There are 2 protein chains.
Amino acid sequence: MAAISKVDLEKAATILKLLGDKTRLTMIKILDSHDCCVCEFVAMFNASQPAISQHIRKLKDSGLVGETRRGQWIIYSLNKESEYYPFVCSLLEHLPNQDFKLQQLEKQGLRISCD
Amino acid sequence: MAAISKVDLEKAATILKLLGDKTRLTMIKILDSHDCCVCEFVAMFNASQPAISQHIRKLKDSGLVGETRRGQWIIYSLNKESEYYPFVCSLLEHLPNQDFKLQQLEKQGLRISCD
DNA sequence: TTAGTATATAATAATTTGCTTATATACTTC
DNA sequence: GAAGTATATAAGCAAATTATTATATACTAA
């Protein structure tokens with residue numbers, strides 16, 4: 001039986017606040033299974049590019065999300081090495097799968113990242 | 001193997017936002033093992049009574065917390081019947097036990113509820 | 001019934017958040 | 001190197017959040 005990772009209460013509150021936004025929570029849920037770039041999120045959420053960039057920045061600042069440049073695109077991924085990943089994971093387990101959003105993108109020919 | 005309860009993404013974000021506050025998160029962690037009244041929280045957090053009441057109201061409005069009057073006091077407890085309790089529980093598991101806060105209260109003779 | 005304790009609520013002020021608009025940077029392709 | 005695409009960032013603003021102050025309600029005890 002693996003021990004449950006403990007998270008400092010103050011840090012936990014910070015993470016929950018970060019994820020207490022529908023857009024960011026959905027992003028993290030999607031990133032848990034697929035890497036994505038900004039323009040994919042923009043298409044998925046019907047949001048402006050700066051709005052998405054700003055959400056991503058918060059996720060990056062927390063260390064939950066990492067980035068890699070691939071040519072023109074910057075591919076974002078969940079940082080599974082984060083000390084808080086197990087905590088986040090146990091939230092994500094309760095959320096419904098969001099793969100349909102990526103499938104919609106594919107249908108529209110807007111899927112970029114390949115993972 | 002019990003299935004993991006699924007929570008609508010929008011509702012999940014609302015709950016995470018609610019718990020994304022150090023005071024409310026600590027309250028919920030404490031209420032998971034002990035009932036408490038407002039004046040106990042006031043003493044524990046060194047916060048004003050209206051500030052605590054307003055935090056509690058939000059928790060009540062979400063359905064996560066219930067109340068019972070006991071004479072002069074209103075005793076708050078975690079609503080384990082809430083549809084979102086399993087979700088909240090899997091967060092709380094990652095938080096360090098806060099019993100020391102109640103023990104401090106007892107030492108100061110400020111513990112009210114008996115559970 | 002009056003005083004005291006516990007709690008809620010309303011009004012307001014301070015802070016934070018998340019968006020928009022405008023612009024800058026980085027890469028690709030011609 | 002010029003044009004196009006992807007992304008970041010800064011400034012400004014509106015909405016949401018949280019605390020404070022002041023007051024009201026509910027119960028207890030004298």
Side-chain angles (χ1 to χ4, degrees), chain A residues 10 13-28 30-31 35-62 65-77 105 108-115, chain B residues 9-10 13-28 30-31 35-62 64-77 105 108-115:
Chain A
E10 184 138 15
T14 303
I15 290 174
L16 296 181
K17 181 193 245 175
L18 185 70
L19 300 184
D21 172 278
K22 195 187 174 188
T23 302
R24 288 192 297 264
L25 186 59
T26 308
M27 284 174 156
I28 287 281
I30 290 171
L31 289 176
D35 296 352
C36 280
C37 66
V38 168
C39 59
E40 289 172 317
F41 284 132
V42 169
M44 261 185 251
F45 293 111
N46 252 103
S48 76
Q49 176 266 312
I52 295 295
S53 272
Q54 282 161 30
H55 283 302
I56 286 189
R57 178 146 63 120
K58 290 184 185 183
L59 294 173
K60 262 196 311 181
D61 287 350
S62 74
V65 161
E67 64 178 22
T68 325
R69 185 174 273 277
R70 188 146 74 217
Q72 209 168 359
W73 297 279
I74 300 176
I75 308 294
Y76 293 94
S77 56
L105 273 197
Q108 301 171 277
L110 296 173
R111 184 84 169 102
I112 306 293
S113 335
C114 15
D115 57 320
Chain B
L9 223 146
E10 184 138 18
T14 303
I15 290 175
L16 296 181
K17 181 193 246 177
L18 185 71
L19 300 184
D21 171 279
K22 194 187 176 186
T23 302
R24 288 192 296 265
L25 186 59
T26 310
M27 283 175 158
I28 288 281
I30 290 171
L31 288 176
D35 296 351
C36 280
C37 65
V38 168
C39 60
E40 289 172 318
F41 284 131
V42 170
M44 260 183 251
F45 294 110
N46 253 103
S48 76
Q49 177 266 311
I52 294 295
S53 272
Q54 284 163 30
H55 282 304
I56 285 188
R57 179 145 65 117
K58 291 184 185 185
L59 295 173
K60 263 196 309 180
D61 287 350
S62 76
L64 289 179
V65 160
E67 63 177 22
T68 323
R69 184 172 275 277
R70 187 144 76 216
Q72 208 167 359
W73 297 279
I74 299 176
I75 308 296
Y76 292 94
S77 57
L105 274 197
Q108 300 171 276
L110 295 174
R111 185 84 169 102
I112 305 291
S113 336
C114 14
D115 59 321

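Quick caveat: nothing in here was measured; it's all calculated off a predicted structure.
Here Lys58(B) lies in heavy-atom contact (under 4.0 Å) with sugar-phosphate atoms only.
Distance, His55(B) NE2 to dT7(C) P: 16 Å, rounded to whole Å. For the pair Asn46(A) CG and dC19(C) C1', the computed distance is 15 Å after rounding to whole Å. Between Lys60(B) atom NZ and dT7(C) atom P there is a gap of 11 Å when expressed in whole angstrom units. Straight-line distance from the CD1 atom of Ile75(A) to the P atom of dC27(C): 14 Å, rounded to whole Å. Atom CD1 of Ile56(A) is separated from atom P of dC19(C) by 13 Å (rounded to the nearest Å). Counting to the nearest Å, the P atom of dA8(D) and the CG atom of Leu59(A) are 12 Å from each other. For Lys17(B) and dT16(C), the NZ to P distance is 16 Å, given to the nearest whole Å. Here the P atom of nucleotide dT20(C) and the CD1 atom of Ile52(A) are 10 Å apart, to the nearest Å.
In the interface, the side chain of Gln49(A) is not paired with the base of dA6(D) through any donor and acceptor atom under 3.5 Å apart. Looking at Gln72(B), its side chain comes within 3.5 Å of the base of dT5(C) through a donor and an acceptor atom.
What you find for Glu40(A) and Leu110(A) is that their closest heavy atoms are CG-O, 3.8 Å.
Here Leu31(A) contributes atom CG and Ile28(A) contributes atom CD1; the two are 6.0 Å apart, rounded to the nearest 0.5 Å. Between the CG atom in Leu105(A) and the SG atom in Cys36(A) there is a gap of 7.5 Å [rounded to 0.5 Å].
Distances from the side chain of Trp73(A) to the nucleotides dT9(C), dA6(D), dT16(C) place dA6(D) closest. Taking only side-chain atoms of Val38(A), from C-beta outward, the nucleotide of dA8(D), dT20(C), dC27(D) with the closest atom is dA8(D). The side chain of Gln54(A) lies closest to dC19(C) when the candidates are dC19(C), dA26(C), dT7(D).
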Side chain to side chain contact (heavy atoms under 4.5 Å, CB included) between Ile30(B) and Thr26(B), worked out: CA-CA 6 Å; Ile30(B) 290 171; Thr26(B) 310; 4.0 Å; yes
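Side-chain contact between Ser53(A) and Val38(A) is present, with heavy atoms from C-beta onward closer than 4.5 Å.
With DNA chain C read from its 5' end, the first of the two nearest nucleotides for Arg69(A) and Ser48(A) is the one closest to Ser48(A).
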